[in-house]
Q: 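Handing you a structure now.
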There are 2 protein chains.
Amino acid sequence: MRFHERQRLAREQEIVSVARQLLASKGYHDTSMEQVAETVGISKATLYQHFPSKDDLVGRLIVEHLDRLLALLDSPADGAAPVERLAAALGLMVTVHTRGIGPELDTNAGAIRALVLDRPACRERYERVVTRLAALVAEGQAAGAIHPGLAAPVVVQAMFALSCAAGVVRGQRGDALDSATAGESVVRLFLDGVRRLPQPPSTFLRAERGSREGEAGATIAKTAGLS
Amino acid sequence: MRFHERQRLAREQEIVSVARQLLASKGYHDTSMEQVAETVGISKATLYQHFPSKDDLVGRLIVEHLDRLLALLDSPADGAAPVERLAAALGLMVTVHTRGIGPELDTNAGAIRALVLDRPACRERYERVVTRLAALVAEGQAAGAIHPGLAAPVVVQAMFALSCAAGVVRGQRGDALDSATAGESVVRLFLDGVRRLPQPPSTFLRAERGSREGEAGATIAKTAGLS
DNA sequence: GTCTATACTAAGATAGAC
DNA sequence: GTCTATCTTAGTATAGAC
């Protein structure tokens, strides 16, 4: 009896894995249950016995993604500043981001967003993530570490949006720009923007922002949890 | 004879306008030709006489959008620095951004992206926009005004991605956060990132970055061409 | 439990009457 | 040139054999 249980779980994992890959490369609408079943090597009917609907399957992926984010956000701060925690969250979003999910979660239209808001399991987690991120922004602003003029909800949405950017570039180019570099650029852009002041005005700043860009990149990558 | 011509053009403009609105609020896949026809007040068949396919209609919208961007990018620099021109472009993208187009153009999957790459009229413009933006980034880096560690293609994709963020927020909240403020936040985040240095290190910097946030916001809004 | 075959639905696209 | 009615395709979902 327990053997079948395990086999069932294994197959379900296989399905989820395939679905994640397909969804990431083709998006929600262009990924059909037929393709998922075909890739796994089972029939559509069997697939529907594991997941009673497409949205159940996609919902599972979203829950997994959000749970990973929540685990990071709910972990003890360990003295990390709000800005660093935001960077770490963005780093995770960039690396595990599935292209099919992210963009449509950003859009306030789109099937994915409707799905998330519809399913309590997804909605609750999503709202917790958003709330948690917004709180970190507010915290950072109170501490003077984040521009007070930035609207917190916009910052949060910007993170979701930016989490896609690296993936696109990886898709466009061959290996000219590896994903680690792309992810690093995204996180740095989030932290420091594109603008760079003409000359580092003090040694303190030089140390803080990194005068040699290579070092700064490594630091940021470490902060964001990129490989 | 010429009367009919004009009437035809007028109706076509009406169709385009309706399509843009629907697409912006519901996205590509959730906007059907039926809905477009219904909203305009004509039948599907008539709609198909103006635009032989859905992609023709959507393609038209994309071309219009990209042409506006190109007009801005190809206008004489007038002494504007690369960073300022990038900010202006992003400002335009944020304001006229159609939610249905932007996100799927970011994704390297998605129907919209396929459409753009498929249709020469779209593809050529899109590539010109990307090239032009990337060149501005490189220019800014050469001048020392943009972080040299940032990968230019990533910056460009980040702009496309960020252009969605403001729209989402506007969709979520009521009027708590008006779209001008949201757009301003996005552009500022792009320029300066979220991180703010503890204390302005010199009067020069105070002036350059803006010590009172209100002023800085206004300056940025002006730079980006936001109302 | 897994497959084959099929029902059902929605959307893109077209034919033919007027 | 516009509409009604219809075709085609594709994708979700299910029934029934094994």
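Predicted model only: the values in this text are computed from it and were never measured.
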Q: Expressed in angstrom and rounded to an integer, what is the separation of A/Glu5 atom CD from C/dG1 atom P?
A: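 Those two atoms, CD and P, are 9 Å apart.
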Q: Which part of the nucleic acid, if any, lies within contact of A/His50, taking any heavy atom under 4.0 Å across all strands shown: a base, the sugar-phosphate backbone alone, or nothing?
A: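 The answer is sugar-phosphate, as A/His50 gets under 4.0 Å only of primed atoms, P, OP1 or OP2.
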Q: Would you mind telling me which of D/dA15, D/dT12, C/dA13 lies closest to the side-chain atoms of B/Tyr48?
A: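 Minimum distance to the B/Tyr48 side chain belongs to C/dA13.
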Q: Whole angstroms only, please: what is the CD-P distance between B/Gln7 and D/dG1?
A: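 These atoms are roughly 9 Å apart.
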Q: Decide whether B/Tyr126 and B/Arg119 meet the rule of one side-chain donor and one side-chain acceptor closer than 3.5 Å.
A: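 Not at all, the side chains of B/Tyr126 and B/Arg119 share no donor-acceptor pair under 3.5 Å.
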Q: Would you call A/Asp118 and A/Arg123 a salt bridge, taking side-chain N to carboxylate O under 4.0 Å as the test?
A: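 A salt bridge is absent here (no side-chain N lies under 4.0 Å from a carboxylate O).
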Q: Tell me the interatomic distance from A/Lys44, atom NZ, to C/dT2, atom P, rounded to whole angstroms.
A: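 Rounding to the nearest Å, NZ of A/Lys44 and P of C/dT2 are 17 Å apart.
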Q: Just checking B/Ser43: base, sugar-phosphate only, or nothing, at a heavy-atom cut-off of under 4.0 Å?
A: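 Contact class for B/Ser43: base.
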Q: Check whether any side-chain heavy atom of A/Leu189 sits under 4.5 Å from a side-chain heavy atom of B/Val154, and report yes or no.
A: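 No, every pair of side-chain atoms sits at 4.5 Å or beyond.
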Q: Which one, C/dT2, C/dG12, C/dC3, comes nearest to the side chain of A/Arg11?
A: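 Between C/dT2, C/dG12, C/dC3, the one nearest the side chain of A/Arg11 would be C/dT2.
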Q: Please list, by residue number, the residues of residues 53-62 of chain B whose heavy atoms come closer than 4.0 Å to an atom of DNA chain D; answer none if no residue qualifies.
A: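 Per residue number, the list is empty: none.
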Q: Any luck finding a side-chain donor-acceptor pair between B/Tyr48 and B/Asp56 under 3.5 Å?
A: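 Looking only at side-chain atoms, B/Asp56 and B/Tyr48 do not form any donor-acceptor pair under 3.5 Å.
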Q: For A/Glu124, is there any backbone N or O sitting under 3.5 Å from a side-chain donor or acceptor partner on A/Glu127?
A: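 Such a contact is absent between A/Glu127 side chain and A/Glu124 backbone.
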Q: Nearest whole angstrom, please: distance from the P of D/dA10 to the NE2 of B/His29.
A: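 One finds 14 Å between P of D/dA10 and NE2 of B/His29, rounded.
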Q: Can you tell me how far P of C/dA11 sits from CG of A/Asp30, to the nearest Å?
A: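 These atoms are roughly 16 Å apart.
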Q: Is the backbone N or O of B/Gln21 less than 3.5 Å from a side-chain atom of B/Lys26, with the two atoms forming a donor-acceptor pair by type?
A: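 Looks like no, no N/O pair under 3.5 Å.
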Q: Please report the distance, rounded to the nearest Å, between CZ in A/Phe51 and P in D/dT12.
A: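 Spelled out: CZ on A/Phe51 to P on D/dT12 is 15 Å.
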Q: Hey, does A/Thr46 reach any base, or is it just sugar-phosphate, or nothing, if we go heavy atoms under 4.0 Å?
A: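 Counting heavy atoms under 4.0 Å across all strands, the contact made by A/Thr46 includes a base.
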Q: In whole angstroms, how far is the C1' atom of D/dG1 from the CZ atom of B/Arg8?
A: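 Nearest whole value for this atom pair: 9 Å.
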Q: Does A/Glu139 come within less than 4.0 Å of A/Arg85, counting only side-chain N to carboxylate O?
A: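 Result for this pair is no, no salt bridge flagged.
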Q: By nearest heavy atom, map A/Pro52 and B/Ile42 onto DNA chain D; which one lands nearer the 5' end?
A: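 Nearest nucleotide further toward 5': that of B/Ile42.
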Q: Expressed in angstrom and rounded to an integer, what is the separation of B/Glu34 atom CD from C/dG12 atom P?
A: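 To the nearest whole Å, that distance equals 9 Å.
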Q: Side chain of B/Gln49 only, please: which of D/dT14, D/dT4, D/dG1 is the nearest?
A: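 Nearest to the side chain of B/Gln49 among the choices is D/dG1.
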